[in-house]
Amino acid sequence: MLLPSIGAIHIYLCPLDMNSLWLLVYAAGAGFYITRIPERWKPGAFDIAGHSHQIFLVLVVAGALAHSAAPLVVMDWRRGLPTCAVSESAFSWT
């Protein structure tokens, strides 16, 4: 999904911010989980709330939401292109 996004940005210069947002959020979640931040800095203080696994789960859900919204953003952008414009006469039967 990343390579087509980069290609589309170079070819069309379209706003695909949502398409790369999910990747960054997933990577941030993985970074928290792998590095065990913040409980590494203050052991025992984040046993109930704020544990790296909880942060990871919140970021994974946010990344999934961004991942599901990205195709909708791209579809709206493509509908605005002149090649996708539909004339009103295409829908008239007269």
Side-chain angles (χ1 to χ4, degrees):
M1 188 78 175
L2 181 63
L3 291 178
S5 299
I6 292 171
I9 290 170
H10 284 292
I11 294 171
Y12 301 110
L13 297 174
C14 65
L16 295 177
D17 296 336
M18 289 293 286
N19 227 358
S20 50
L21 175 68
W22 65 267
L23 181 65
L24 295 175
V25 174
Y26 279 145
F32 272 101
Y33 189 68
I34 290 169
T35 59
R36 302 285 186 199
I37 294 172
E39 64 265 12
R40 172 190 282 184
W41 294 334
K42 202 168 184 186
F46 299 100
D47 287 343
I48 295 176
H51 197 270
S52 64
H53 189 258
Q54 295 168 344
I55 297 170
F56 164 73
L57 291 176
V58 168
L59 290 174
V60 164
V61 169
L65 291 173
H67 197 170
S68 64
L72 300 174
V73 170
V74 172
M75 284 175 27
D76 285 341
W77 172 77
R78 288 197 48 126
R79 284 187 188 129
L81 292 177
T83 56
C84 292
V86 178
S87 64
E88 292 296 323
S89 62
F91 294 109
S92 66
W93 290 94
T94 58

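This chain uses plain numbering: 1 for the first residue, then up along the sequence.
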* Asked: Hey, does L57 have a side-chain heavy atom less than 4.5 Å from the side chain of H53?
  -> yes
* With no hydrogens and no angle check, is any side-chain donor or acceptor of E39 less than 3.5 Å from a backbone partner on S52? -> yes
* Asked: Is there a donor-acceptor contact under 3.5 Å from the side chain of R40 to the main chain of T35?
  -> yes
* Does I55 reach the side chain of P38, with side-chain heavy atoms less than 4.5 Å apart? -> yes
* Evaluate whether atom CD1 of I48 has more than 12 neighbouring non-hydrogen atoms of other residues, nucleotides or ligands under 6.0 angstrom away. => no
* Residue pair L65 / S68: nearest heavy atoms and the distance that separates them -> O-OG, 2.9 Å
* State, with a plain yes or no, whether a side-chain heavy atom of L59 is found less than 4.5 Å away from one of Y26. => no
* Exercise: identify the closest heavy-atom pair between Q54 and G50 -> OE1-N, 2.8 Å
* Applying the 4.5 Å side-chain criterion to the ILVMFWY set and letting contacts propagate, would F46 and F32 be lumped into a single cluster? -> no
* Asked: What closest approach, in Å, do A30 and F56 show between heavy atoms, and which atom pair accounts for it?
  -> N-CD1, 4.1 Å
